[in-house]
Number of protein chains: 2
Amino acid sequence: MRQETLREHNLSLIARTVMTAPTPPSRADVATATGLTRATVSRLVTELIDGGLVAEDAPLTAGAAGRPAIPLRPATGTVGALGLEVNIDYLAARVLDLSGRVLAEATRERDLRGSDPGPVLSELGTLGIEIADTATAGGIRLAGTGLALPGLLRDDVLLLAPNLAWTAVTPAALLGGPIPGGRLHLGNEARFAAGAELAAGSATDSFLYLSGSVGIGAAIVHGGEIFAGEHGWSGELGHVCVDPAGDTCRCGATGCLETYAGSAALLRRAGLPEGARPPDLVDALAAADPGALAAVHSAARALGTAVGAFINLVDVSEVVLGNSFAPLTEYLRPELERELTVRVLASRWAPPQVRASVAGDRPALTGAARAALAGVTEDPSAWLSRAR
Amino acid sequence: MRQETLREHNLSLIARTVMTAPTPPSRADVATATGLTRATVSRLVTELIDGGLVAEDAPLTAGAAGRPAIPLRPATGTVGALGLEVNIDYLAARVLDLSGRVLAEATRERDLRGSDPGPVLSELGTLGIEIADTATAGGIRLAGTGLALPGLLRDDVLLLAPNLAWTAVTPAALLGGPIPGGRLHLGNEARFAAGAELAAGSATDSFLYLSGSVGIGAAIVHGGEIFAGEHGWSGELGHVCVDPAGDTCRCGATGCLETYAGSAALLRRAGLPEGARPPDLVDALAAADPGALAAVHSAARALGTAVGAFINLVDVSEVVLGNSFAPLTEYLRPELERELTVRVLASRWAPPQVRASVAGDRPALTGAARAALAGVTEDPSAWLSRAR
DNA sequence: AGGGATAAGTTCAGCAGCACAACAAACCCT
DNA sequence: AGGGTTTGTTGTGCTGCTGAACTTATCCCT
């Protein structure tokens, strides 16, 4: 580490402290949190404020003795990023600023299974540029664009998106036009969603995020960091084997979790008519439909087997149910928790906790935008010199 | 990060670069590897040499033009650490120096299943102090002691070692006498062994290390770092469910991998007589005993199911077979690789590689000592000021 | 054998960035 | 109003890195 990077490091440290603090901290709070002196923090905070990354709130005059502290928070309306998402049944674009405020958004509902990547990504690109323009017209500077995709990525290529039936797609080329904010960050849908969950102020910074859909993705969040694995292909929970004697999955293996708890499998097993959608399952459960209840219970057991393995292997004991799993949380919970208690070796000392996601609608979209914004927070010096 | 820590950080960076380099680097090599200037490296290296952490080799006069480089390597015979291990069938102690040389060692073979922790740890403590004394008599300064245990640890307590049938043991108290080198580092056997594998110069720095024994432990090594999980309980591969309809395991769940591929299960399934030991199984396999082959093949399939889940979840694609698995590698390989190819979603793009461990005998013992030595490498300033 | 080329390691002046302490500001409490 | 308390700012000093020049040691070519 060189001397110049010391400054960059501290600038980033302070920026991250302000961005992730549960409540707006004063300069003095930041100093004690980071171990830097008030003098250093003060100098660097001034720079962040001038650069439009941090803003001062009105001093809180209430309470204790002493000069009132000036709370610091992420700036609003100065720096933003565009999030894009292609998923099984929609395209979407959203612009966030550093404070997490949504500045513009658009969604196109559409069944994209088996679609042609070219026109779909071209439409998404156009949608993204429109949305980005409305935001930049409001005075926002864009730091980049994130694109969430439900599949395996390598560098700039989507190798495989099983449920879209896309292979070897290069999104950057197909989006068309310039990328808003310059750089394009590709990422897995579940991992981006987990990032949004983390930012949404979940109390803990270590959890397993499960993204239910036709496929089942997952993300490992450990100490506030998202673990991507060697190639960025971690979290393929849907293809964990829960019974070697089970049905053959589209992937070629037998007894994959997806064949029990993927949304398509779940609807079929619940005996719902062809063309039913996840909300119909929730309705059937609310009406205590026996077929639906049986399907969800067997899905919960299968999920428990797979997630039990997950926890035994990575030792992260909070489980967040996201996407199509979220509305099923209370139906899944009893069997899921029972299975985890039995199967997780350490459950006696750290009982796995199950809860629904709190990240809001389309978390992967938010996560994609945040991933682009993270570039600014991680290296404020680069952004500040670029902004100048 | 404060200014003083910049120096500490760079000192540690240089120390780690020298320690982990595949071939002894010159000061100039270190400078390019770390991005520091030659001037800074030179100054800090002098300090490391004076402190006895690094040594100069004889200049290599061979080859290229220019002043010959002075190779730098970990010092021998100056700083060491004591590794201790309690396992199912032995106690052991070993002293290593920074270069990885074994300076003293002792082993006591003994069946410790169901033993009383007090006398066992007391004996180990005495053994450790003896071994440590022979090393310090040779002029070594000890940096600490590591203790490898086959179970779940929390802080200084061994919560559960299923195969020893130990619960709630506090080793620091039971070892008796002063801890050689001061601080005691407790750690899981599989994770310490993985550390030794990493140090043994495996070509890759990302792999899953599987430690076969009566139980089956594992460790996740990613980018040269060992992933411990939230509480340090990651890698409990033995209790991953490979068939919900399988036998009931000692842990209470059904179909755990351990009931297929744990060494006790394997010997029983191979039809070997009561009291047989793992080498007997290798002999039976070499003699093409059909029962032994069948048992190993079904173990390989079960292992493939569990490790396939592991790879799908954490995306680390090299699998190192250690401990009792190592001599079985070539018998396990065909079925294991077939299973992984089918079950790992990304196997087409990153085919999982299976290989035997190269870390040598009792790797956890080496890993325990290295863990204590890592304290010196990670924070050389603290060691240097302590040494003064 | 001698001179040029090349690369490693060292020296030293200069500078960037943090620490420390003193100070000013703003509020509370009595 | 005055003392106490905490926040934020200011300026001096010091630590530790940088960059360039310099020394050292070897190779290679003529």
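Note: hydrogens, waters and symmetry copies are ignored here, and every other heavy atom, side chains too, is used. We name chains A, B, ... by the order of the sequence lines, and we start the count at 1 in each one.
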**Student:** Tell me whether the centres of the aromatic rings in F227(B) and H222(A) are closer together than 6.0 Å.
**Tutor:** yes

**Student:** Just how far, in rounded Å, is P of dA26(C) from CD of E56(A)?
**Tutor:** 13 Å

**Student:** Rounded to the Å, how far apart are L44(A) CG and dA16(C) C1'?
**Tutor:** 13 Å

**Student:** Any chance you could measure L11(A), atom CG, to T40(A), atom OG1, to the nearest 0.5 Å?
**Tutor:** 12.0 Å

**Student:** Give the intermediate values and the outcome of side-chain hydrogen bond (donor to acceptor under 3.5 Å, both in side chains) for residues T366(A) and R94(A).
**Tutor:** CA-CA 7 Å; T366(A) 299; R94(A) 182 181 280 170; 2.6 Å; yes

**Student:** Heavy atoms from C-beta onward define the side chain here; which of dA21(C), dT11(C), dC17(D) lies closest to that of A39(B)?
**Tutor:** dT11(C)

**Student:** Does T37(B) place a side-chain N or O at less than 4.0 Å from the phosphate oxygens OP1/OP2 of dC17(D)?
**Tutor:** no

**Student:** Rounded to the nearest Å, what distance is computed from the CG atom of residue L11(A) to the P atom of nucleotide dA16(C)?
**Tutor:** 17 Å

**Student:** Can you give me the N/O atom pairs linking the protein to nucleotides 21-25 of chain D at distances under 3.5 Å, or say none if there are none?
**Tutor:**
residue, atom, partner, partner atom, Å
dA25(D), N3, R67(B), N, 3.1

**Student:** Please report, rounded to the nearest Å, how far the P atom of dA19(C) is from the CG atom of L6(B).
**Tutor:** 11 Å

**Student:** Please check: side-chain N/O of D57(B) versus main-chain N/O of P71(B), any donor-acceptor pairing under 3.5 Å?
**Tutor:** no

**Student:** Do the side-chain N or O atoms of T40(A) get closer than 4.0 angstrom to the phosphate oxygens (OP1, OP2) of dA19(C)?
**Tutor:** yes

**Student:** Rounded off to whole Å, could you give me the CG-to-P distance for the L72(B) and dA8(C) pair?
**Tutor:** 12 Å

**Student:** Would a distance-only check, ignoring hydrogens and angles, find a side-chain to backbone donor-acceptor pair under 3.5 Å from S26(B) to D29(B)?
**Tutor:** yes

**Student:** On the nucleotide dG16(D), are OP1 or OP2 found under 4.0 Å from the side-chain N or O atoms that N10(B) carries?
**Tutor:** no

**Student:** My understanding is that only one of T136(A), L142(A), L84(A) makes a side chain to side chain contact (heavy atoms under 4.5 Å, CB included) with P180(A); could you say which?
**Tutor:** L142(A)

**Student:** Hey, can you pull the residues of residues 21-32 of chain B with a non-hydrogen atom under 4.0 angstrom from DNA chain D?
**Tutor:** none

**Student:** Give a yes or no answer on whether the side chain of S234(A) reaches the backbone of A228(A) with a donor-acceptor pair at less than 3.5 Å.
**Tutor:** yes

**Student:** Within this structure, what is the CZ-to-P distance between R43(B) and dA8(C), rounded to whole angstrom?
**Tutor:** 20 Å

**Student:** Would E230(A) and S206(B) count as a side-chain hydrogen bond (donor to acceptor under 3.5 Å, both in side chains) if you check the C-alpha gap in whole Å, the side-chain angles of each, and the deciding distance to 0.1 Å?
**Tutor:** CA-CA 7 Å; E230(A) 194 175 332; S206(B) 296; 4.6 Å; no

**Student:** Are the charged groups of R191(A) and E197(A) less than 4.0 angstrom apart, N to O?
**Tutor:** no

**Student:** CD1 of I70(B) versus C1' of dT10(C): gap in Å, rounded?
**Tutor:** 11 Å

**Student:** What is the distance from NE2 of H9(B) to P of dC17(D), rounded to the nearest Å?
**Tutor:** 11 Å

